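Each ligand, and each atom within it, is numbered from 1 in the order the structure gives. As a basis for the values below, the full set of heavy atoms in this structure was taken, side chains included, without hydrogen atoms, waters or symmetry mates. Just so it is clear, the model here is predicted, and its values are computed rather than measured.
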Amino acid sequence: MRALRFRAYGGPEVLEWAQAPDPHAGPGQVRIAVRAASVNPIDWKAFAGALSGGKPMVGTGYLGYDAAGVVDEVGEGVAGFSVGDDVLGRGRNTQAEYAVLDSWAKKPSSVDWAVAAAAGVAGETAERGLRLLGVQSGDTLFVDGGAGGVGAVAVQMAVARGARVIASSSEANHDYLREIGATPVLYGDGVADRVRAAAGGQVAAVFDVAGRTPVEDLISLVPEPSQVVSIANFAAGEAGARVTGGGADSQPMRALTEVAELLAQNLLVIKVQTFPFDRAAEAYRISQAGHVRGKLVLVP
Ligand SMILES: NC(=O)c1ccc[n+]([C@@H]2O[C@H](COP(=O)([O-])OP(=O)(O)OC[C@H]3O[C@@H](n4cnc5c(N)ncnc54)[C@H](OP(=O)(O)O)[C@@H]3O)[C@@H](O)[C@H]2O)c1
């Protein structure tokens, strides 16, 4: 099969759509014929070498943490899914013709493949953040970075739960934030004051998906520091905020099922821009520039 790979750290020019070993479903996994796989910032952090701990590149690197496709192998112990099912989910090395998923949900037939692929990482991360924050109907939530992959899903998931959502973006994305149900505020200096003005005081919870605002400013918005959860500022914990990178606090099957239901009901709409796999470098240049609206998705 072919996969997106890199054999040296660098910019998007190191990416090649080339031969790779076939993966196979292990226990508790499924393999899919990939119809679409999304771009997440962790992918370019990987090929840039930012996750290597300063060590030189060894072997070949592959990319992709989510995808949608058709099940063609079912691992031992998997119940309720069979060859031929259309699914969306999360895995490793998904930017390839075939990929193994560790967690997944049935893809609603009304949902486009690219949208389904975009829902894996963003959907699980959004569900995790809102669950850790205990966001409920009637709460006011501030999403710092509401127009990107994780942010736009978190906004809509919170709105679907009956929360009132204030979200930050550049001016260019304010109409988009209104479209998905949030009250927009401009990010950058003074953002906490703008959130207080929009909320009429403090908010119940802050979901920091961008990691750009000083954590003290975010903490000033909530009754206690632990009501700030960040997925992108790993120093935020020192100030009493909570930081999550997935793992033990992740409930991926449950999250993906919720995301698939929201997509089917049109309560979640993910704006996608698609690129063929052999033009992945173009998508990665856009992702690295840091102003994605919705998600970038690669398709065969
Ligand atoms: N810890 C985890 O489990 C986890 C999981 C998924 C992602 N992440 C991380 O979370 C981050 C976001 O991921 P993503 O997929 O949502 O990225 P993305 O799709 O590239 O979104 C980037 C967003 O950040 C916004 N932004 C840029 N500067 C900002 C600022 N100063 N303040 C607030 N927002 C700003 C942009 O808004 P404009 O376009 O309007 O400028 C854009 O919408 C990445 O660092 C990623 O690696 C962590």
Qualifying residues under ring pair (Phe, Tyr, Trp, His ring centres under 6.0 Å), relative to F81, sequence neighbours excluded: W104
Distances under 3.5 Å, N/O of ligand 1 against N/O of the protein: list each pair and its distance.
unit_1	atom_1	unit_2	atom_2	d
ligand 1	1 (N)	I231	O	3.1
ligand 1	1 (N)	T244	O	2.9
ligand 1	3 (O)	R128	NH1	3.1
ligand 1	3 (O)	R128	NH2	3.0
ligand 1	10 (O)	V209	O	3.4
ligand 1	16 (O)	G149	N	3.3
ligand 1	16 (O)	V150	N	2.9
ligand 1	19 (O)	G149	N	2.8
ligand 1	28 (N)	R212	NH1	3.4
ligand 1	39 (O)	N173	ND2	3.1
ligand 1	39 (O)	H291	O	3.4
ligand 1	40 (O)	S170	N	2.8
ligand 1	40 (O)	S170	OG	2.7
ligand 1	40 (O)	N173	ND2	2.8
ligand 1	41 (O)	Y187	OH	2.4
ligand 1	41 (O)	H291	ND1	2.4
ligand 1	43 (O)	G148	N	2.9
ligand 1	43 (O)	V292	O	3.1
ligand 1	45 (O)	K45	NZ	3.0
ligand 1	47 (O)	K45	NZ	2.7

For W44 and Y284, I'd like to know if the aromatic rings sit close, meaning centre-to-centre distance below 6.0 Å. no
Please report, to 0.1 Å, the donor-acceptor pairs under 3.5 Å made by any side chain of residues 107-120, with sequence neighbours excluded.
unit_1	atom_1	unit_2	atom_2	d
K107	NZ	V111	O	2.6
D112	OD2	A114	N	2.9

Are the side chains of Y62 and P21 in touch, meaning some heavy atoms are under 4.5 Å apart? yes
Contacts of D193 meeting side chain to side chain donor-acceptor pair (under 3.5 Å) (sequence neighbours excluded), chain-then-number -> R196
So is R31 actually on top of Y98's ring, under 6.0 Å and inside 45° of the axis? yes
